[in-house]
Amino acid sequence: MSRTPLIAGNWKMNGTIAESEDRVASLLPRIATAEHVDVAVCVPFTALQAVVDSTRGSRLEVFAQNMHHEPSGAFTGEISAPMLTEIDVHGVVLGHSERRQLFGETDKVLQLKVPAAMDAGLTVILCVGETEDERENGDTERRLRHQVQEGLEKVPVERLGEVVVAYEPIWAIGTGQTATAEQAQDALAFVRALVADRSKEAAEHVRVLYGGSMKPDNAAELLALPDCDGGLIGGASLDVEQFVAIIDAAPR
Ligand code: PEP
């Protein structure tokens, strides 16, 4: 089964509309021929419309970084799936560790968000990953099992293969510390095996990304791992040269 790698840049809370437009204007010509990968950028809400408009007809997909599970209602400060699809956003990152740790996002609410996004036609990148303490205490698999099973529980089996899961060890995010190739491969394969527990066919299709201080100098090794179907890139995605170098490092 060949899966097209996905390289997704998570810009986090970085980028005014003007800065975002400048960044995509530099990026677009550099990825025009990168047919070996799918490329996405996960953009702050305020810049989504502008980035969608300036990337129409290109290979670049535009993702939001969060979403509420209800389509509308009394949820001050939130954005819903129909609001994203109305402006032609392609997908959404759900359950990023910063949202879990800083904004109290739980597996229970992700259980609602994931199918709500998919029903609206958005591609979901569901983020999972263990803390440093959990890894040191031998709890990595227990944590991943909980996050993957809960997050995907309400996704019907026939749509399971459409989900993208990003394995992001929390201790590696923004720290410059990367999982070793062996640690990453073990966790990526474990995530795929969890999907296989529900459907072997879906497990063949589901894309599992690595995230956590992926940079041009470690990307080739990580992206070549048997169960690695791409990367979720934070810091390095803000620098077009570094992001393009990571895209170029993906296997052809
Ligand atoms: C992320 O935020 O998803 C991430 C992987 O960040 P960084 O690449 O900066 O570690």
Side-chain angles (χ1 to χ4, degrees), residues 5-15 19-20 23 27 37-45 47-48 60-67 90-105 107 110 113-114 117 123-132 134-135 140 143-144 147-148 151 163-181 183-185 187-188 191 207-223 225 227-250:
L6 170 64
I7 305 292
N10 177 15
W11 291 357
K12 312 193 187 195
M13 196 177 71
N14 294 293
E19 287 164 351
S20 301
R23 195 177 296 126
L27 182 59
V37 284
D38 291 337
V39 185
V41 285
C42 312
V43 175
F45 285 130
L48 280 171
L60 189 62
E61 296 192 0
V62 182
F63 279 50
Q65 300 173 11
N66 182 32
M67 187 204 87
H90 297 99
V92 62
V93 176
L94 294 174
H96 191 279
S97 62
E98 286 151 15
R99 295 222 54 87
R100 292 177 188 261
Q101 291 195 314
L102 304 174
F103 303 103
E105 185 132 303
D107 290 317
L110 288 163
K113 288 188 178 197
V114 173
T123 299
V124 169
I125 301 178
L126 173 67
C127 301
V128 299
E130 80 287 0
T131 63
E132 191 160 25
E134 286 166 339
R135 175 158 287 272
T140 299
R143 186 83 187 110
L144 294 179
Q147 291 175 323
V148 172
V163 179
V164 180
V165 182
Y167 165 64
E168 301 205 299
I170 295 171
W171 45 272
I173 296 181
T175 59
Q177 202 185 333
T178 321
T180 64
Q183 287 170 328
Q185 169 55 25
L188 295 164
V191 168
R207 288 187 288 185
V208 189
L209 314 184
Y210 171 82
S213 297
M214 192 184 277
K215 306 279 181 214
D217 61 355
N218 58 29
E221 185 183 24
L222 292 161
L223 293 171
L225 295 171
D227 282 290
C228 187
D229 305 313
L232 184 56
I233 326 295
S237 72
L238 297 173
D239 179 313
V240 169
E241 290 307 319
Q242 289 193 39
F243 192 49
V244 168
I246 293 171
I247 292 167
D248 286 344

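Whatever order the structure lists ligands and atoms in, that order sets their numbers, starting from 1. In what follows, residues are counted from 1 in the order of the sequence shown. Hydrogens, waters and symmetry mates play no part in the numbers below; they use all other heavy atoms, side chains included.
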Just jot down the ligand 1 atoms closer than 4.0 angstrom to any heavy atom of Lys12, in number order. 1 (C), 2 (O), 6 (O)
Give the residue, atom name and distance (to 0.1 Å) of the protein heavy atom nearest atom 5 (C) of ligand 1. Glu168 OE2, 3.1 Å
Residue, atom name and distance, where the atom is the protein heavy atom closest to atom 9 (O) of ligand 1: Gly235 N, 2.8 Å
Decide side chain to side chain contact (heavy atoms under 4.5 Å, CB included) for Asp227 and Val208; before the verdict, give the C-alpha distance in whole Å, the side-chain angles of both, and the deciding distance to 0.1 Å. CA-CA 7 Å; Asp227 282 290; Val208 189; 5.9 Å; no
Would Gly174 count as a polar contact of ligand 1, with the cut-off being nitrogen or oxygen pairs under 3.5 Å? yes
Which value, rounded to the nearest 0.5 Å, describes the distance between Leu223 atom CG and Ile247 atom CD1? 10.5 Å
Passing option when Trp171 is tested against Glu130, Gln177, Glu132 for side chain to side chain donor-acceptor pair (under 3.5 Å): Glu130
Applying a 4.0 Å heavy-atom criterion (strictly less than), which segment of Ala172 is in contact with ligand 1: side chain, backbone, both, or neither? backbone
With heavy atoms and a 4.0 Å threshold, my read on which part of Ile173 contacts ligand 1 is both
Taking all non-hydrogen atoms of both residues, which atom of Ser213 and which atom of Thr178 are closest, and how far apart? O-OG1, 3.5 Å
Taking N or O atoms only and a 3.5 Å limit, does Leu232 qualify as a polar contact for ligand 1? no
Considering all heavy atoms of both residues, which atom of Glu105 and which atom of Leu110 are nearest to each other, and what is their separation? OE2-CD2, 3.3 Å
Using heavy-atom distances, let me know which of Glu98, Gln65, His96 sits nearest atom 1 (C) of ligand 1. His96
Would you say Glu221 has more than 12 foreign heavy atoms packed within less than 6.0 Å of its CD? no
the protein heavy atom lying closest to atom 8 (O) of ligand 1 turns out to be Gly234 N, 2.8 Å
Distance col, row His90:NE2 vs Glu61:CD, nearest 0.5 angstrom, shows 5.0 Å
Could you check Ile125 against Asn10 for side chain to side chain contact (heavy atoms under 4.5 Å, CB included), going step by step and ending with a plain yes or no? CA-CA 11 Å; Ile125 301 178; Asn10 177 15; over 6 Å; no
Nearest 0.5 Å, what's the CG-NZ distance between Leu222 and Lys215? 12.0 Å
Only heavy atoms of Gly212, strictly under 4.0 Å: list the atoms of ligand 1 that pass. 5 (C), 10 (O)
Ligand 1 N/O within reach of Lys215 N/O, cut-off under 3.5 Å: no
Show which atoms of ligand 1 fall inside a sub-4.0 Å distance from at least one heavy-atom site of Ser213. 7 (P), 8 (O), 10 (O)
Using heavy atoms and a 4.0 Å limit, tell me yes or no: is Ala236 in contact with ligand 1? no
